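Only one structure is covered here, and it is reproduced in the block below.
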Amino acid sequence: MTWSRRDFVRTGSAFAAAGLIGLDSTLLTDPYEAARRYRPFRPLLQDPDVRAVAMAALDAARAAGARYADVRVASGASRRTIVQNRQVFTQLVSGSLNFGVRVLVDGAWGFASSTIVTEEEAVRVAQVAVRQSSLNPWGKTRTLELAPAPVVADGQWETPIDLDPWNYTIQDQLELQIEANEAIMNAGEAMGVPGVTGFSDFLFGKNDVVFASSEGSYIAQRFHGFGNNYLAQVISEDRMNFGSSSPESFRTGGYGWEAIDGIPFAADAEQAVEDAVMMMNAKEPDVGRYDLVLDSSAVSAAFNASIVRALEFDRVLGYEMHAGGTSYLAPPEEVLGQFSYNNPKLNVRATGSVPRAGGMYKWDVEGVAPADYPLIREGVVVDYFTTREFAPQLEWWYRRNGMPVESRGTAGSEGSVLIQVVVPSIAIMDPGDEDVTVDEMIAETENGIYIHRGGFAFVDPPMLNMQFSASGMAHEIRDGKLGEPVSQPVFLASTPDFWRSMDMIGGAGTFAYNGGGTGKGDPFQNIGRTVGTPAARFREINVFTYGRR
């Protein structure tokens, strides 16, 4: 069925009135019925009415005095189900339909958004954005110049997936979750372990985003993703200790239904229960200094929190001082080519394409393709994550090194109703040239702790100090061999000192991609990304625990 522009306009208003919750994966014949059923998802990739709305916004912005404008129209859908054992706790189907307009007038940004997707509303919102720019004090003190960007007149891209999850019902999803949970419960019963809980939280997301700019770009992208968790959980009889473990078959990222279809949930459920019991009974580590061997997932958590976020250029300039924090990698005149972690093993780069990466895009939210380029070379910082707004402020560095003054394609946002910020989709810490394994690192460690299967890292506002909590598994290392499990060790370190202490780095065989993210902006945004790292060893790190005694 083809919708007329009138249907699109009427439905956009009806969806707004309906509260913008729910979805149907296929277009319904009656747009008012769709709104009444709270199912507002609209496929936007080839919708001419979306183009009309975008053009109306751009024309109105130019007529009101904007020398640059862009608009993003977005329709999103998510389906989340939470099951504990065999009991369904959550069946949440949600969606959205909205747009945002950003304008540049007299050196200042203006931004406005709406959930009523009509041409008339697009004109009004664009005019509001232009008026807002006059209230921005930056325009009175500087003239903002955007870095040039190629015009993409008709771009289209979709996350490559094997099976569209929206061709399956929520009942299909729940049946797979219950099967997964039962695998854990059955494993616990067979092992004679009381109180084993199977917990699963499955979330599929689909988002269509159309970007159009006054320079002539028009880009439509569809993003797919699967996330959240699947756990075996065990609680001690006195309810003072617990342990949990995720089966290694569980995967998240840029997946469709194939993320859960055909996964052998039962195959590693027994191992997951054994690991959960082991961590429940694990002892607390003695406070002291240890050599830490971290697997890829643990390194990724520390890397994302203390290096990747610190390289976001808006933080470096202090734009995030009262929201996401600042950066110790400032000012750029004293950092680029000069700041060193004093560790030639540390090499960091950005890239735009990784198979199954969560958060991957072909063009960022400014319509710029992400670049592949180095950020840290042999421990020395050589670049930042930048956008069209911020790249010109590094012209002195780019010209000196014979590089073009252009965005690195790392503009992002949590949604079209929120303004763009600096946030890369993929960041990589390169593995070592030699194929060093985790076993080899452990064999060369006398007194240490091996932290694997994840962790959480927290940093202070300038990201200069880090605290890391092991959320997965950890074991003692004694005289080159794994010892007893230890319960949730926590370590503290100065960020530069921590990366300086990395004396062994794993080879390609230890490298893996893991989830990451950043929090910033006002209104606050949590934006996901993918980070790739190898395993590594860090010397003489201060370890303690928050556990009860």
Side-chain angles (χ1 to χ4, degrees), residues 80-90 173-203 227-252 259-286 293-295 297-298 301 438-439 442 449-456 469-478 481-490 514 543 545-549:
R80 183 179 186 183
T81 51
I82 300 176
V83 178
Q84 182 166 316
N85 295 337
R86 300 178 182 88
Q87 184 174 355
V88 177
F89 281 82
T90 298
Q173 188 165 320
L174 287 168
E175 287 177 359
L176 276 177
Q177 279 183 263
I178 291 172
E179 176 188 342
N181 289 9
E182 285 182 333
I184 287 175
M185 297 166 63
N186 292 339
E189 292 174 2
M191 296 165 59
V193 179
V196 175
T197 296
F199 177 85
S200 57
D201 181 352
F202 290 0
L203 174 66
N228 287 25
N229 53 53
Y230 167 45
L231 299 169
Q233 299 175 320
V234 183
I235 301 177
S236 63
E237 292 186 10
D238 60 8
R239 306 190 70 81
M240 296 297 291
N241 296 306
F242 73 94
S244 65
S245 178
S246 178
E248 294 190 47
S249 59
F250 188 69
R251 54 191 180 182
T252 62
I260 57 176
D261 182 58
I263 300 301
F265 293 114
D268 56 2
E270 182 176 343
Q271 185 63 53
V273 173
E274 289 179 356
D275 291 343
V277 172
M278 179 172 59
M279 296 315 300
M280 178 185 68
N281 296 322
K283 67 177 184 179
E284 298 174 7
D286 294 328
V293 176
L294 308 184
D295 77 346
S297 64
V438 169
D439 289 341
I442 292 172
I449 296 176
Y450 175 40
I451 298 175
H452 50 125
R453 299 196 195 176
F456 297 100
S469 299
S471 62
M473 303 187 68
H475 288 79
E476 289 180 337
I477 302 174
R478 292 288 182 266
K481 296 181 180 180
L482 282 183
E484 296 182 17
V486 290
S487 176
Q488 297 183 319
V490 178
N514 300 276
V543 173
T545 180
Y546 284 123
R548 296 182 179 181
R549 293 186 179 275

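Model, not experiment: these values are computed from the prediction.
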*Considering all heavy atoms, the nearest Gly455-Ala301 contact*: O-CB, 3.4 Å

*Asn228 and Thr252: which non-hydrogen atoms are nearest, and at how many Å?*
O-CG2, 3.7 Å

_Note, Ser244 side chain near Met279 side chain (heavy atom, < 4.5 Å)_ = no

*Charged N to carboxylate O under 4.0 angstrom, Glu248 versus Arg453?*
yes

*May I ask you to test the Ile184-Val273 pair for a side-chain heavy-atom distance under 4.5 Å?*
yes

*With no hydrogens and no angle check, is any side-chain donor or acceptor of Asn229 less than 3.5 Å from a backbone partner on Ser246?*
no

*Should the pair Tyr230 and Phe202 be assigned to parallel (<30°), tilted (30 to 60°) or perpendicular (>60°) ring geometry?*
perpendicular

*Side chains of Glu270 and Glu274: closer than 4.5 Å at any heavy-atom pair?*
yes

_If I compare all heavy atoms of Ala272 with all of Pro247, which pair ends up nearest, and what's the gap?_
CB-CG, 3.9 Å

_Closest non-hydrogen atom pair, Val486 against Pro489_ = O-CD, 4.0 Å

*Looking at side-chain heavy atoms only, is the closest gap between His452 and His475 below 4.5 Å?*
yes

_Residue pair Val490 / Val543, side-chain heavy-atom distance below 4.5 Å_ = no

_Restricting to non-hydrogen atoms, name the atom on Asp268 and the atom on Phe265 that form the minimum distance, rounded to 0.1 Å._
OD1-O, 3.4 Å

*Does Asn181 use its side chain to pair, donor to acceptor, with the backbone of Val83 at less than 3.5 Å?*
yes

*Between Glu284 and Thr545, does any side-chain donor sit less than 3.5 Å from a side-chain acceptor?*
no

*Taking 4.0 angstrom as the limit, do Arg80 and Asp201 come out as a salt bridge?*
yes

*asked:* I'd like to know if the side chain of Ser297 reaches the main chain of Gly454, judged simply by a donor and an acceptor atom lying under 3.5 Å from each other, with no hydrogens or angles considered.
replied: yes

*Taking the side chain as every heavy atom from C-beta outward, state whether Val88 and Gln177 have any pair of such atoms under 4.5 Å apart.*
no

